[in-house]
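All remarks here apply to the structure that follows.
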Amino acid sequence: MAAVDGTSEVLIIEDDALLARLYVEQLRMAGIAATAVGTAAAAFERMTHTAPALVLLDLTLPDANGLDILADLRHRGRGCDVVVVTAHGSVNVAVEAMRAGAHDFLVKPFAPERLVVTVRNALALGTLARLVDRIGERASYCGMIGRSLVMQGVYRIIEGASQSRASVFITGESGTGKELAAEALHTRSPRAAGPFVALNCAAIPRDLMESEIFGHVRGAFTGAHADREGAAMRAHGGTLFLDEVCEMDLALQGKLLRFLQTGSVQKVGSGTTERVDIRVVSATNRDPLTEVDAGRFREDLYYRLHVVPIHLPPLRERGDDVLLIARHLLGELTTLEGKRFKGIVPAAEAALTAYRWPGNIRQLYNVLHGAIVLNDGEMLTLEMLPAVVREAESQAVAPAAASRPIGPAAPAAIEPPPLLDFEPVDDDDDEADELLAGSGTRIIPLWQVERAAIERAIRICDGNVPRAAALLGISASTIYRKRQSWAVADVDGTTVEM
């Protein structure tokens, strides 16, 4: 039985045989393979033959100190995460273990659901980390800039899909770089020597769209004074990129579907067909399934185009990528305009990070271009930015936290959908503020204060979890994990000890 990440099982190091059997059974009931040993010696003996996906480590063992085992695992470079288990009242030891490299900790006694959630999250993050290690962290890829984990995932999908002939469907808000992703697919493919032909379906009048894709013969319609090859013919041997494909007229969608099924092009006004060899990449800033449900996009065409999906995240969900892109664009635009800019001051970086960028990278480019054209100097200052961006900096909580130097990729850039529904505290409810302020001599459990602080930060940041995490000084993955454990506790009524 394999672990959920498909690599190997969870190794439980617990000297209490009854508890060890209980943990193994609880994990197996959740579909997670697990085995248990009672000593550190037995654990290392087992790891010489099988590398575990995760170690559940009791800090109190008969033959070794748990912290020493953790240090040994780190020293030997074992490719697994560690969740430490400690008794109530020894939380300070667990915190020390976290600083030494443990992924998380559990305080005895804990509910089975808490065990399963913690192990699942550790396995999932371990899988993602191995994925990034496999492709290597890249600050840029085929013209796309970004070091965040979510962009590392996009690079990996492009790298894998580029070698195939399968159709690729790219989704994402306007300005997220969908055409750059399509060009990367072409550049990394065996078709790189062939043409890359891009067609914006939203920018061409509907009555001319068929001719633009398939071409026409002389006299096919008024103004057709000569034969003309369409985009499909021009892309022969290469890639045809259909941008904003959901804008295409329904009647033309049927013709496009037939073309994809047969691989043959029939020019407007012609009675003959010609075969072409192309790879089709499509993109839209809409939700394609919503367009299908509304009857504006053919379902059969959707499934024909949507073989390999790629979603480009909005800039506001990419963490420090905002600054990485801004610095790159500053260099390009400074050279283009013949200016002297060499960097961005911390206050301006804080504003760029705090702003939500509804127009994404395209808007960031335009903002920086305007600032560089209208100003001069060696550093881009806050005053040079538009008022709407400056206001974002002034409204942010502790904006200096957002201007920290860019470091290695961190899970804070990922914003996946929550695994469980979780209802944050209502904006009009003063419970969080009361908890944070305390109430007379009443002592508030630490996990409740932590929960209130995290929920309050998310509300202040308008639901932007990566931004809230940055201001709190933790990773976004920590917030997701804690919210999930709180949701489990809310459902089954158990007390959560953080």
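Just so you know, residue 1 is the first one in the sequence shown, and it goes up from there. Note that the coordinates shown come from a computational prediction; the quantities given were computed from them, not determined experimentally.
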task: Mark yes or no for whether T335, through its side chain, and G331, through its backbone, hold a donor-acceptor pair below 3.5 Å.
output: yes
task: Report the C-alpha separation of L250 and Q253 in whole Å, then their side-chain angles, then the decisive distance to 0.1 Å, and conclude whether the side-chain contact (heavy atoms from CB on, under 4.5 Å) test is met.
output: CA-CA 5 Å; L250 272 172; Q253 289 178 29; 3.6 Å; yes
field: Test log, rule side-chain contact (heavy atoms from CB on, under 4.5 Å), inputs V150 and E317
entry: CA-CA 9 Å; V150 68; E317 295 179 5; over 6 Å; no
- request: Report yes or no: does E378 contribute a side-chain atom to a donor-acceptor pair with the main-chain N or O of G343 at less than 3.5 Å?
  value: no
query: Could you state the interatomic distance from OG (S140) to CG (L324), rounded to the nearest 0.5 Å?
result: 8.5 Å
Backbone of A161 reached by a side-chain donor or acceptor of S164 within 3.5 Å: no
- request: With the side chain counted from C-beta on, respond yes when Q363 and V389 share a heavy-atom pair under 4.5 Å apart, and no when they do not.
  value: no
Aromatic ring pairing Y302/F169, orientation class (parallel under 30°, perpendicular over 60°, tilted between): perpendicular
query: For S148 and D321, does a side-chain donor sit closer than 3.5 Å to a side-chain acceptor?
result: yes
message: If we ignore hydrogens and angles and just use 3.5 Å, is the side chain of R120 paired with the main-chain N or O of A30 as donor and acceptor?
response: yes
- line: Of all heavy-atom pairs linking P288 and T284, the shortest is CD-CG2, 4.3 Å
query: Which of these passes side chain to side chain contact (heavy atoms under 4.5 Å, CB included) with I344: L352, L382, L385, T381?
result: L352
query: Can you name the ring pair (Phe, Tyr, Trp, His ring centres under 6.0 Å) partners of H369, sequence neighbours left out?
result: Y365
- prompt: Which atom names give the shortest non-hydrogen contact between Y155 and M144, and what distance separates them?
  reply: OH-O, 3.7 Å
message: Go through it in stages, so that I can follow the logic: the residues are V82 and V84, the test is side-chain contact (heavy atoms from CB on, under 4.5 Å), and I'd like the CA-CA distance, side-chain angles, deciding distance and then a yes or no.
response: CA-CA 6 Å; V82 178; V84 298; 4.1 Å; yes
field: Neighbour count above 12 (heavy atom, 6.0 Å) for E337 CD
entry: yes
query: Is there a side-chain contact between L252 and I213, using heavy atoms and a 4.5 Å cut-off?
result: yes
Distance-minimising heavy-atom pair for A122 and D81: O-OD2, 3.7 Å
query: If every non-hydrogen atom of A235 is compared with every non-hydrogen atom of I278, which pair is closest and at what distance?
result: O-CG2, 3.2 Å
- line: Here the gap from F341 atom CZ to D376 atom CG, rounded to the nearest 0.5 Å, amounts to 5.5 Å
field: Close side-chain approach of I325 and L364, heavy atoms under 4.5 Å
entry: yes
message: Closer than 3.5 angstrom, by distance alone: can the side chain of W357 be matched with the main-chain N or O of P314 as a donor-acceptor pair?
response: no
query: Any side-chain heavy atom of L305 within less than 4.5 Å of one from L260?
result: yes
Validation row: R191, R165 side chains within 4.5 angstrom (heavy atoms): yes
message: How about NZ on K339, more than 12 heavy atoms from neighbouring residues, nucleotides or ligands closer than 6.0 Å, or not?
response: yes
- prompt: Passes side-chain contact (heavy atoms from CB on, under 4.5 Å), R228 versus E212? Steps please.
  reply: CA-CA 9 Å; R228 183 176 185 272; E212 287 293 328; 3.8 Å; yes
query: What is the distance from atom CE of M248 to atom CG of L256, rounded to the nearest 0.5 Å?
result: 5.0 Å
query: When rounded to the nearest 0.5 angstrom, what distance separates CG in L368 from CD in E332?
result: 11.0 Å
Short N-O contact, E173 and K178, less than 4.0 angstrom: no
query: Do NZ/NE/NH1/NH2 and the carboxylate oxygens of E291 and R296 come within less than 4.0 Å?
result: yes
query: Do you know the tightest heavy-atom contact between T176 and P313?
result: CG2-O, 3.7 Å
- request: May I ask you to decide if R188's main-chain N or O and Q163's side chain share a donor-acceptor pair within less than 3.5 Å?
  value: yes
message: If the threshold is 4.0 Å, N to carboxylate O, is there a salt bridge linking R286 and E247?
response: yes
Test item: R147 side-chain N/O and A139 main-chain N/O as donor-acceptor pair under 3.5 Å: no
message: Rounded to the nearest 0.5 Å, what separates atom CD in E244 from atom CG in N200?
response: 6.0 Å
- line: Closest heavy-atom pair, G237 versus P195, reported as atoms and distance to 0.1 Å, is C-CD, 4.3 Å
- request: Spell out, as yes or no, whether a donor-acceptor pair under 3.5 Å connects the side chain of N360 to the backbone of R362.
  value: no
- prompt: Donor-acceptor pair, H186 side chain versus R279 backbone, under 3.5 Å?
  reply: no
- prompt: How long is the span from the CZ atom in R206 to the CG atom in D249, to the nearest 0.5 Å?
  reply: 5.0 Å
